[in-house]
Protein chains: 2
Amino acid sequence: MTTGPRQRTRQQHDEIARYLRTAIREGSFQPGDELPSEAELTRKFSSSRGPVRQAMSALRGEGLISSGRGRRTVVLDNVLTQSFDDVISFSQWCHASDIVPGQITQRVAREPAEKSLAASLRISDGDPIVSVFRLRLMDDVPAMVERLNYPLEFGRHVLAFDTDSGSIYQELIEQGVDINRASRTIDAVGANDDDARLLEVPVGTPLLRVRRRAFTTTGDVIESSDDRYLPWKASFTMNSTRGNPSSMSLISGT
Amino acid sequence: MTTGPRQRTRQQHDEIARYLRTAIREGSFQPGDELPSEAELTRKFSSSRGPVRQAMSALRGEGLISSGRGRRTVVLDNVLTQSFDDVISFSQWCHASDIVPGQITQRVAREPAEKSLAASLRISDGDPIVSVFRLRLMDDVPAMVERLNYPLEFGRHVLAFDTDSGSIYQELIEQGVDINRASRTIDAVGANDDDARLLEVPVGTPLLRVRRRAFTTTGDVIESSDDRYLPWKASFTMNSTRGNPSSMSLISGT
DNA sequence: GCTGAGGATATGTATGTACAAGTTTGATGT
DNA sequence: ACATCAAACTTGTACATACATATCCTCAGC
């Protein structure tokens with residue numbers, strides 16, 4: 001007996017949450033609108049209040065809705081958000097959000113590293129790297145451009161992989177690369193010529209840039225990447241509590 | 001109407017969560033240790049499983065613990081980076097980075113809340129709010145425009161404060177407002193006319209936008225704000241580790 | 001037309017019960 | 001000594017119920 005099919009019947013609360021997320025995303029419930037009451041959802045899904053409240057709680061945690069004693073639950077002004085702790089893979093995030101991820105590879109190359117990239121990957125200037133340049137889609141609509149750079153040691157797995165077929169992250173995991181830690185820096189940039197063409201927006205359109213470096217347990221750099229999101233397709237949220245500091249920090253530029 | 005003392009008996013789940021947070025923080029439960037089982041906590045607090053699971057859910061959402069079917073709940077090694085106070089306050093962040101913060105108030109007003117803002121602050125449409133619009137400086141150079149909105153309950157402290165003199169956050173703390181939790185959403189926008197004029201950049205320049213909502217322990221919304229940074233003056237970084245869990249919150253079924 | 005009281009309704013909290021689905025543990029048989 | 005299996009945990013999910021507490025709406029009274 002192996003792992004068996006990951007078939008797993010979907011839980012009720014999960015199903016309710018997905019229904020609401022989808023309805024909100026597709027505009028069936030606009031920002032400011034009231035969601036159906038818990039009682040209505042209970043009837044609609046032939047469930048009980050528990051699962052309904054679990055779903056609501058999930059959505060509240062994602063910042064999608066706001067609720068309170070006596071008040072109807074309302075939809076907040078929102079775009080999809082990645083929860084900071086589990087942003088690892090674009091594909092994975094899409095699946096969690098019930099979106100179909102897509103990718104159109106623009107370029108895959110094995111080439112010598114230029115100076116700044118070499119420094120970022122902690123290799124020598126001119127050492128070979130594997131670089132990938134892809135347009136990423138959400139439900140077949142352009143959403144992000146992705147520039148990935150790997151030292152050859154890890155990049156060789158990428159060269160042997162069809163980059164149009166899915167998640168590189170998952171492929172690396174399956175190849176036994178132990179991705180242990182990642183560091184992300186978020187800022188804003190204007191779309192350059194390539195970005196603008198692929199994302200179908202004017203040059204200079206504000207994009208949300210996420211630069212990521214991933215490490216093994218031993219501290220070797222696996223990846224140095226630059227993702228640029230259309231800000232109306234994705235944003236980042238994080239929660240912090242007094243006394244329980246968040247892992248995010250604001251860094252001063254030059 | 002007598003607003004009455006904000007006395008409010010503490011809820012069981014809140015008390016349990018506080019106990020566990022404190023115990024973890026003070027080292028009674030070390031990273032890797034197992035927490036008491038739900039059954040034990042139920043007995044210890046003479047409660048039922050619902051509140052215990054709500055507390056666990058809160059801690060899981062804060063990334064303090066990890067749990068799963070069949071497995072005991074274990075304490076994670078919490079990565080301390082920047083304290084909550086440093087992240088929430090521009091002034092404190094500047095001081096920590098050895099930068100002189102500055103502010104030039106553009107506008108302070110008491111006005112009725114428009115619809116979306118009212119929803120965000122969880123008050124009624126048209127209820128009075130206090131809004132502040134400031135240009136923030138780093139070493140006397142424009143770096144960020146700040147739009148703050150408070151319900152009157154908290155905003156009255158702001159009205160009585162010289163907004164050119166420093167940190168509103170610190171003032172609120174000193175006035176006894178208990179700022180407990182904050183949620184931030186980060187994305188990118190182009191500079192509008194006001195932004196461009198104050199930051200001395202062309203209209204449309206990409207800015208890093210941070211929308212923040214701050215809450216009291218009881219869940220009341222203190223603030224809903226919109227900060228826009230020049231991306232070459234500030235950015236966000238974040239570290240995550242593979243083992244560490246998502247910040248998805250889930251609440252017990254009960 | 002406006003105000004205020006009160007009921008209807010909404011979400012938040014708490015308890016009890018039952019079962020599902022993993023993990024750990026220990027007894028048993030070889 | 002070792003592998004195997006079953007019992008005894010653990011946490012996850014679900015349902016029924018009750019009450020607390022805040023909001024909204026209706027309608028009587030002025």
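So you know, we letter chains A, B, ... as the sequences are listed, proteins then strands, and number each from 1.
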Inspect the contact between [Y] and [X] and indicate whether a charged nitrogen and a carboxylate oxygen are less than 4.0 angstrom apart.
X	Y	result
A:R156	A:E171	no
B:R212	B:D226	no
B:D194	B:R228	no
A:R213	A:E223	no

Rounded to the Å, how far apart are [X] [atom1] and [N] [atom2]?
X	N	atom1	atom2	result
A:I65	C:dA10	CD1	P	16 Å
A:M56	C:dG12	CE	P	8 Å
A:L41	D:dA14	CG	P	14 Å
B:E34	C:dT24	CD	C1'	10 Å
B:I16	C:dA14	CD1	P	8 Å
A:Q12	D:dT13	CD	P	11 Å
B:R53	D:dA14	CZ	P	11 Å
B:R122	D:dA22	CZ	C1'	13 Å

Set out, line by line, the N/O atom pairs under 3.5 Å between protein and nucleotides 7-10 of chain D.
from, atom 1, to, atom 2, distance (Å)
D:dT10, O2, B:G70, N, 3.2

Can you tell me if [X] touches the phosphate of [N], counting only side-chain N or O atoms and a distance under 4.0 Å to OP1 or OP2?
X	N	answer
B:Q54	C:dT13	yes
A:S47	D:dC15	yes
A:R60	C:dG12	yes
B:Q11	C:dA14	yes

Practice item. List for me each residue that meets side chain to side chain contact (heavy atoms under 4.5 Å, CB included) alongside A:R71, sequence neighbours excluded, and say none if there are none. Key: A:S66, B:R122

Revision key, fill the gap. On DNA chain D, more 5' by nearest nucleotide between A:D14 and B:S124 is A:D14

Exercise for review: Could you check which of D:dG12, D:dA14, C:dG12 has an atom nearest any side-chain atom of A:R49?
Suggested key: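 For the A:R49 side chain, the nearest candidate turns out to be C:dG12.
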
Point to revise | Nucleotide nearest A:S48 when distance is taken to its side chain, options D:dT13, D:dA16, C:dA14 | key: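 Output: D:dA16.
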
**Study point:** Heavy-atom closest pair, residues B:I16 and B:A55
**Key:**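 Smallest heavy-atom distance, with atoms named: CG2-CB, 3.7 Å.
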
Exercise for review: Mind checking side chain to side chain donor-acceptor pair (under 3.5 Å) for A:D164 and listing every partner two or more places apart, or none if nothing turns up?
Suggested key: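 Result, side chain to side chain donor-acceptor pair (under 3.5 Å) vs A:D164: A:T105.
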
